[in-house]
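Lettering of chains follows the sequences in order, A, B, ..., and the numbering in each one begins at 1.
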Protein chains: 2
Amino acid sequence: MYQRKIPEMLDCGLAVAVKVIGGKWKAWILDCIRRGVSRPSAIHREMQAVNARIINLHLKELEEAGIIYKEIFAEVPARVEYRLTPVGESLLPVIDVLEQWGNTHKDYINRNHADYASGNCQFLQQSN
Amino acid sequence: MYQRKIPEMLDCGLAVAVKVIGGKWKAWILDCIRRGVSRPSAIHREMQAVNARIINLHLKELEEAGIIYKEIFAEVPARVEYRLTPVGESLLPVIDVLEQWGNTHKDYINRNHADYASGNCQFLQQSN
DNA sequence: CAGGGCAGGGATAATTTTTTCCCTGTCCCG
DNA sequence: CGGGACAGGGAAAAAATTATCCCTGCCCTG
């Protein structure tokens with residue numbers, strides 16, 4: 001693990017939530033697990049675009065946070081499945097809220113971004 | 001502005017939402033503005049811990065996304081106030097949900113993190 | 001035995017974000 | 001005029017995150 005040089009402020013609820021869900025692929029991973037795509041190799045297949053190494057790192061972070069946990073079957077060969085902890089379950093509706101807000105406003109935001117770049121933003125005050 | 005080398009995937013609502021709210025200090029800034037701390041210098045005072053330069057960068061990003069806009073009063077000396085756009089307003093309940101989830105679970109998460117580090121995590125399977 | 005799926009991680013690089021430092025102006029007050 | 005509040009940004013660094021490459025083992029199948 002990487003040793004932080006600047007301490008985090010995890011006393012604020014928002015900071016904690018963003019920390020947990022804010023990783024680049026965390027939400028996607030959680031969505032996989034929620035849908036039952038729970039084995040590492042399955043998740044890797046599902047997320048072709050993302051390097052397996054990184055998915056593992058994110059999985060570990062989610063595990064450290066207590067959002068998911070690992071079930072290791074004493075089979076041969078050993079099988080691993082990730083599952084949501086209760087707190088992980090409680091995160092799902094939050095993700096849904098984010099997802100829904102994003103879907104509702106993503107066009108606006110992307111358009112605004114483009115307009116801002118070209119100076120056409122509706123909120124840009126004219127300098128007269 | 002920094003020129004991205006890897007394109008973003010902003011078709012997913014969740015990615016957009018995280019992008020908007022995920023910056024290190026964005027939510028804090030939005031909270032300031034929501035509470036009426038709307039002038040740059042006032043925000044800087046409120047967020048002593050954070051360098052003014054960064055706050056400005058975040059403000060610009062929020063502005064580009066169309067979450068806030070700048071009102072420049074033609075006074076002398078020029079006065080600036082940031083305000084939430086309608087879409088920015090619509091983000092507030094989302095932030096509240098995040099904040100509330102975080103506050104409810106931050107102790108668990110911090111504890112779990114510590115336990116995980118010391119091998120005491122309730123979800124850690126024992127290797128027998 | 002050769003090859004492949006599976007779980008996992010070290011070392012290192014690339015990219016992105018955050019931070020620091022310091023500069024430009026304008027204005028007001030004393 | 002000197003000092004300070006105000007709005008803003010360039011340049012470069014440090015820090016953090018994400019990405020790439022390649023390795024270890026175990027097992028199974030052919």
Salt bridge A:Arg4-A:Glu8, side-chain N to carboxylate O under 4.0 Å:
yes

Within this structure, what is the CD-to-P distance between A:Glu64 and C:dG9, rounded to whole angstrom?
11 Å

Nearest to the side chain of B:His58, which nucleotide is it out of C:dC6, C:dT18, D:dG9?
C:dT18

Examine A:Arg79 relative to A:Phe73 and say whether NZ or CZ is less than 6.0 Å from the centre of the six-membered ring and inside a 45° cone about the ring axis.
yes

For the pair A:Asp115 (side chain) and A:Gln122 (backbone), establish whether a donor and an acceptor sit closer than 3.5 Å, ignoring hydrogens and angles.
no

In terms of side-chain geometry, is the basic nitrogen of A:Lys26 or A:Asp31 positioned less than 4.0 Å from the acidic oxygen of its partner?
no

List the protein contact pattern of nucleotides 20-30 of chain D with one symbol per nucleotide (5' to 3'): B for base contact, S for sugar-phosphate-only contact, - for none; contact means a heavy-atom distance under 4.0 Å.
BB-----SS--

Nearest of C:dG8, D:dA15, C:dT17 to any side-chain atom of A:Lys5?
D:dA15

So which nucleotide from D:dA7, C:dA7, D:dG9 ends up closest to the side chain of A:Pro40?
C:dA7

Atom CD1 of B:Ile29 to atom P of C:dT18: distance rounded to whole Å?
10 Å

State, yes or no, whether a side-chain contact exists between A:Asp11 and B:Asn110 at a heavy-atom distance under 4.5 Å.
no

Is any side-chain heavy atom of B:Ile68 closer than 4.5 Å to one of B:Leu30?
yes

Using a cut-off of less than 4.0 Å, is there contact between a side-chain N or O of B:Arg4 and OP1 or OP2 of C:dT17?
yes

Could you give the CD-to-P distance, from B:Glu61 to C:dT17, as a whole number of Å?
7 Å

Please determine whether a side-chain nitrogen or oxygen atom of A:Lys70 lies at a distance below 4.0 Å from atom OP1 or OP2 of C:dG8.
yes

Can you tell if the side chain of A:Ile29 reaches within under 4.5 Å of the side chain of A:Tyr82, non-hydrogen atoms only?
no

May I ask you to list the residues of residues 6-28 of chain B, by number, that have any heavy atom positioned under 4.0 Å from an atom of DNA chain D?
none

Going by the angle between their ring planes, with limits at 30° and 60°, are B:Trp28 and B:Trp25 parallel, tilted or perpendicular?
tilted

What is the distance from CD1 of B:Ile43 to P of D:dG8, rounded to the nearest Å?
10 Å

Side chain of A:Tyr82 - closest among C:dC6, D:dA16, C:dG8
C:dG8

Is A:Lys60 near enough to C:dG9 that one of its side-chain N or O atoms lies under 4.0 angstrom from OP1 or OP2?
yes

Rounded to the nearest angstrom, tell me the gap between atom CZ in A:Arg39 and atom C1' in C:dA7.
10 Å

Looking at D:dA7, I'd like to know if its phosphate oxygens (OP1 or OP2) sit under 4.0 Å from a side-chain N or O belonging to B:His44.
no

Checking the side chain of A:Lys70 only, and the main-chain atoms of A:Glu63 only, is there a donor and an acceptor separated by less than 3.5 Å?
no

Within 6.0 Å of CD in B:Gln100, more than 12 heavy atoms from elsewhere:
no

Axis-to-axis angle between the two ends of the helix from C:dC1-D:dG30 to C:dG30-D:dC1 (five base pairs per end, rounded to 10 degrees):
10°

Distance, rounded to the nearest Å, where B:Tyr2 contributes OH and D:dA13 contributes C1':
14 Å

Starting at OH of A:Tyr116, measure out to CD of B:Glu61 and round the result to the nearest 0.5 Å.
10.5 Å

Is a side-chain donor or acceptor of B:Ser38 paired with a backbone partner of B:Ile33 at a separation under 3.5 angstrom?
no

